[in-house]
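In each ligand, atom 1 is the first atom listed, and ligand 1 is the first ligand listed. If you read the sequence from its start, that first residue is 1, and numbering goes on from there.
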Amino acid sequence: MNKELFIEEVRKLGIAVDEDKLDKLERYYELLIQWNEKMNLTTITKKEDVYLKHFYDSLTLIKAYDLNQNISVCDVGTGAGFPGIVLKIFFDNIDITLVDALNKRINFLNIVIKELKLENIRAIHARVEEFAKETKEKFDLVTSRAVAKLNVLNELCIPMIKIDGYFIPMKANIEEEIEESKNSIIKLNSILENIISFNLPIENSIRNLIIIKKVNSTKEIYPRKFDKIKKQPL
Ligand code: SAM
């Protein structure tokens, strides 16, 4: 995805693009490539691929949640900063916490945060199993791209969201995982509100945004709610 197409597709998502954001993104790309030679950050390095499979893909979270609000967000297993850093560049209004178990990735993220002069963002070196114990019901939105199976993620991430908050993992393949995770969603007082499925531009590979909402009590909602859930391709 070249820059022109990136801008076009991001605007189609309803996201404002300006020179400052594009400059920050470009600098992020340079740092990613520079530090990738010293540490394993990503196997995707070609500029057009990074813009599509990391940058654009990260921004597709907007299909599931309005990020134009002053909300607290946590990106679990952020790796080299996807989707967290990209979201922060485009949605300066969010307060975001990036969590990863690998310290060298946290060191890289701190360099990016400093270089790009990003504010209201922090990179935390922790296993989410530990981090979650200290952050119960702290976030409006928790997301996670390509980290673990949904039933495992649910147990760790749903306790971190506030009541009426959302956990929205970003995943490629989900069929089996949804089936396996239904019990954990119910047990954790949550509802599977929707699954937004779509294809990445150009290469057409499938992506899913699984929208899980934490509620006060699920007693009156189940089992009726799950019967209603359908995949909704856009
Ligand atoms: N989200 C990024 C992306 O989409 O490019 C990184 C995905 S990478 C496949 C998975 C990341 O999750 C790694 O950076 C790994 O260190 C982190 N991770 C795996 N298990 C974790 C855990 N229990 N707690 C925190 N981070 C974890």
Ion pair E119/K88, N-O distance below 4.0 Å: no
Side-chain ion pair, K214 and E137, N-O less than 4.0 Å: yes
Aromatic plane relationship, F55 with F82 - under 30° parallel, 30 to 60° tilted, over 60° perpendicular: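 Taking F55 first and then F82, their aromatic rings sit tilted (interplane angle of 30° to 60°).
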Between ligand 1 and the protein, which N/O pairs are shorter than 3.5 Å?
residue  : atom   : partner : partner atom : Å
ligand 1 : 1 (N)  : G77     : O            : 2.8
ligand 1 : 1 (N)  : F82     : O            : 2.8
ligand 1 : 1 (N)  : R145    : O            : 2.8
ligand 1 : 4 (O)  : R145    : O            : 3.3
ligand 1 : 4 (O)  : R145    : NE           : 2.6
ligand 1 : 4 (O)  : R145    : NH2          : 3.1
ligand 1 : 5 (O)  : R145    : NH2          : 3.1
ligand 1 : 14 (O) : D100    : OD1          : 3.3
ligand 1 : 14 (O) : D100    : OD2          : 2.7
ligand 1 : 14 (O) : R105    : NH1          : 2.7
ligand 1 : 16 (O) : D100    : OD1          : 2.6
ligand 1 : 23 (N) : R127    : NH2          : 3.3
ligand 1 : 23 (N) : E129    : OE1          : 2.9
ligand 1 : 23 (N) : E129    : OE2          : 3.4
ligand 1 : 24 (N) : V128    : N            : 2.9
ligand 1 : 26 (N) : A101    : N            : 3.2

Cation-pi, F198 ring and K63 (6.0 angstrom, 45 degrees): yes
Verdict with supporting geometry, K53 and E203, salt bridge (Lys or Arg N to Asp or Glu O under 4.0 Å): CA-CA 9 Å; K53 295 179 191 170; E203 58 152 39; 3.6 Å; yes
Side-chain heavy atoms of N154 within contact of L188, under 4.5 Å: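 N154 reaches L188 side chain to side chain.
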